[in-house]
Amino acid sequence: MRALPVATPSQVRRAMVQLIRQDGRAFAAMLALNALAAGAGLVGPWLLGRIIDEVKAGAGVGTVDRLALGILVFALAQLLLTRFASYVGHRFGERTLARVREEYADRALAVPASVIERAGTGDLTARGTTDVVAVGTTVRDAGPDVLIAGVQALLILGAVFVLNPLLGGIGLVGLLGIWFAARWYLRRALPAYLAEGEANSALAEQLTATAAGARTVEALGLRGRRIAVCRAAIETCRRTRTRTLFLRSVLFPIVDVSYTIPVVGVLLAGAVLHQRGLMSLGAVIAAALYFRQLSQPLDTILLRIDQLQSSGASFARVEGLGQVPSPVLPPRDRPVPDGDLIEVAGVRYAYEGGDDVLHGVDLVVRPGERLAIVGASGAGKTTLGRLLAGIDQPRTGTVTVGRVPISDVNPAELRRRIVLVTQEHHVFLGTLRDNLLIASPSAGDAELQAALDAVGAWEWIDELPDGLDTEVGAAGFRLDGAQAQQLALARVVLADPHTLVLDEATALLDPRTARHTERALAAVLEGRTVIAIAHRLQTARDADRVAVMEEGRVVELGGHEELVAAGGTYAALWRSWHGDRAASSP
C-alpha cells in the first residue's frame, strides 16, 4: 500500500497564504481590531503607574478619580474591540474552513480510483474527517487567537521599552527559557504529529477492512490474525501519541517557570533604579504589570502551539491530496474522442510490485456491441475491465476510445462515456430519490420509476410508505445487498453512458432476478456498448461476442454457438457449468 502524499512546509505556507488572500479584507480587519484592543489594554498599567506617582506627589482624590475613570474607559474599549474582533475572526475562520472542505472534496473526487485503492480508503477518510476538523478548529479558533496574542505581546514589549529600555532588555533575557524550550519543541513536534496522523490513518484502514470483510474473516478463520494486525496498529498509535505527549510534558513546565523570571528581574532592577532616582516608582510598577500582563498572550501562544503543530501536520495531509500526480494535459486541452470504438493493443499490466497479470492483450469492442468476458478466476477479467473503464493504465500498450488514449480523456467526459459497475454498491445518506438523482439531477419521477422498473426495484420501492422519499441509511430504511445493487444499476440507467462495463454487477441478486435484470438492462441500453465480465455463462450466451481469457491472455473470441462448436476453452467452461445437454439448448 502506497500512502497518499503529504505537502511540504513550503507548500503548506503557500496554501495558507492563498487562503488568507481569498478573504484578505476580513483578515486585515481582524488584525486591525485586535491591535486596537491590545493598544487599549496597554493604557491601564500606565495609568495605574501614574496614579501611584500622583499620590506620592500629594495629588488629591479628584486626580485619582479621573485617572481611574480613564482605566475604566479603556478597559471597556478593550472589551468591545476584542468582542468585535473575535466576531470578525470567527466569520473569517468559518468561511476559510468552508473553502478547505470544498477544495478537499473536489480534490478527493479528482484523485484516480487506482491511487485511492493503493493508499487505502482509511487514509482518505481520516484526512477528510479528523484532519479537516483539526484544520477547521485552528482556522476558526487557534489561528486567530495566536495572531491576537502575538500582536498583544509585541505591543506590551514595546510599551516596556518605551518606559525603560534597560527594564525591557532584562525582561527579554528572562524570556529566553521559553524561547529555547519552544525551539526544542518545534524541531520535534511536526514530524511527531505527522507520524501520529499516519498511524491514525493506518489504524482506520485496518479497522475498516476488518469490519467490511467480517464475514470473510470469520469464514476463513482469520479472526486471530486480524485481531493481531489491529492490535499492532493500535500499539503504533499509542507509541506516536506517547511521543507527542512527552514533548508537551517537557515544554509546559519550563514555560510555567519562565513566566515569573521577567517579573522578578524587572522588580529587582527597577528597585535599584528607583533608589538611585533614575526611575519613578509608578514606572517600575507599570513595567512589572506589563510583564505580568505579557504572560497572558504568551500563555495563549504556547498553549495553542501544540494545537498549531498538530493542525499543521493535519493541514499538510489535507493539502497533500492536491499533490497527487495528475495527467499532464489540463482538461480544456484534452482531445475529445471521435466515436465510441474501444481498442486494446498490446496491453500488459502489473499490479504494483508484482508480475504482469495481462500479457499482450489485443481486443476491439465495436460501438453498440454486447461483449462478454469470461474465464477462470485469476484469468485477468476484472483487470481488463478496469483498463477498459480507464480506472487503471496499462504498463505497456494502449487502450483507446474513439482513437484517443483513455488516459488523455477529460475524466468528466470519460465518465459520461464509460461507466464501470462492480459488486461494490454504495448507498448515500438521504432519500432513495437523492440516491438516484446523483446520476441525473434533472430526472423527473417518471424517469426515476422507469429506471427502477428496468432493474426490478420499483416493486419493492412502491410498497414503502414514503416511496422514493424514503430515508435510507443507518437512521432510515436499511437496504440489503441485492436492493442496494439494484439501486446502483438504476443509477446506471439514468446516467445513460455510451459504454457500460459490468463486473459481476448482478452477483448479489438471485439467478432468476439477475437474468431478468441483465435482459432488462440490455433492452434499456439498446444501441449502447455493454461489456459484461461474467461468471454466469448464461450472460455470455446472450452476448454478441464472447472473449475468453486464460492466464492474462485472450485465447478465444467469437459468438456463443461458434465457440461451443469449436470445442475449445469456452466449450469446456460451458459444459462444466451447464452440462453437455445444455451446450446447444435454447
Side-chain angles (χ1 to χ4, degrees), residues 113 117 340 342 344 358 361 363-377 379-392 399 401 406 414-427 436 438-440 451-457 481-549 554 557 559-560 570 573 577:
E117 289 176 359
D340 301 304
I342 296 176
V344 180
L358 295 181
V361 174
L363 183 66
V364 176
V365 185
R366 298 183 290 266
E369 180 180 26
R370 289 179 299 166
L371 174 71
I373 302 176
V374 302
S377 295
K381 304 184 300 297
T382 294
T383 302
L384 179 58
R386 291 170 62 86
L387 294 177
L388 292 171
I391 303 299
D392 291 320
V399 180
V401 55
I406 280 184
L414 183 62
R415 294 286 74 82
R416 284 194 294 269
R417 289 176 174 269
I418 305 175
V419 170
L420 171 67
V421 183
T422 69
Q423 297 180 42
E424 297 180 2
H425 48 267
H426 303 280
V427 179
L436 294 168
I438 291 173
S440 180
L452 292 166
D453 194 48
V455 298
Q483 291 170 331
Q485 201 162 43
Q486 286 177 320
L487 194 63
L489 291 170
R491 284 198 290 260
V492 171
V493 174
L494 290 167
D496 193 24
H498 290 288
T499 300
L500 178 63
V501 182
L502 298 174
D503 186 2
E504 285 304 301
T506 58
L508 296 180
L509 306 178
D510 63 82
R512 185 174 181 178
T513 303
R515 186 154 175 76
H516 167 75
T517 300
E518 288 168 357
R519 286 180 169 173
L521 277 173
V524 171
L525 298 172
E526 183 68 31
R528 306 299 189 190
T529 305
V530 178
I531 303 170
I533 299 168
H535 290 287
R536 294 189 182 105
L537 293 189
Q538 197 63 45
T539 301
R541 180 171 187 169
D542 295 336
D544 298 323
R545 286 194 302 162
V546 180
V548 184
M549 295 197 68
V554 176
L557 182 64
H560 166 77
Y570 180 76
L573 287 171
W577 190 77

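Residues Val344 and Val554 form no side-chain contact, since every pair of their non-hydrogen atoms from C-beta on lies 4.5 Å or further apart. Side-chain atoms of Val421 and Leu489, non-hydrogen and from C-beta on, do get closer than 4.5 Å to each other. With contacts defined as side-chain heavy-atom distances shorter than 4.5 Å, the pair Thr499/Leu388 does not qualify. In this structure, the side chains of Ile418 and Ile406 come closer than 4.5 Å at one or more pairs of heavy atoms. In this structure, the side chains of Leu384 and Asp503 stay at 4.5 Å or more apart for every pair of heavy atoms. Between Leu487 and Arg491 the shortest side-chain heavy-atom distance falls below 4.5 Å. With contacts defined as side-chain heavy-atom distances shorter than 4.5 Å, the pair Val361/Leu387 does not qualify.
Distance CZ/Arg545 to CD1/Ile531: 10.0 Å, rounded to 0.5 Å. To the nearest 0.5 Å, atoms CD1 (Ile533) and OG1 (Thr383) are separated by 9.0 Å.
Shown here for Ala484 and Val427, the closest heavy-atom pair between the two residues is CB-CG2, 3.7 Å. Pairing each heavy atom of Ala372 with each of Ala540, the nearest pair is CB-CA, 3.6 Å. The shortest non-hydrogen separation linking Gly380 to Leu358 is O-CD2, 3.7 Å. Counting all heavy atoms, side chain and backbone alike, Val455 lies closest to Gln486 at O-NE2, 3.2 Å.
Using a 4.0 Å cut-off between charged nitrogen and carboxylate oxygen, Arg528 and Asp496 count as a salt-bridge pair.
Lys381 contributes no side-chain N or O that, together with a main-chain N or O of Met549, makes up a donor-acceptor pair within less than 3.5 Å. Between the Asp544 side chain and the Arg370 main chain, a donor and an acceptor come within less than 3.5 Å of each other. For the pair Thr529 (side chain) and Gly368 (backbone), a donor-acceptor distance under 3.5 Å is present.
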Exercise for the section: Take Leu502 and Val492, measure what side chain to side chain contact (heavy atoms under 4.5 Å, CB included) needs, and give me the verdict at the end. Expected result: CA-CA 10 Å; Leu502 298 174; Val492 171; 5.7 Å; no
Practice task
Kindly indicate, with the supporting measurements, whether the criterion side chain to side chain contact (heavy atoms under 4.5 Å, CB included) is fulfilled by Leu557 and Leu371.
Solution key: CA-CA 10 Å; Leu557 182 64; Leu371 174 71; 4.3 Å; yes
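Looking at Leu420, Ile342, Val530 one by one, the single match for side chain to side chain contact (heavy atoms under 4.5 Å, CB included) with Val501 turns out to be Leu420.
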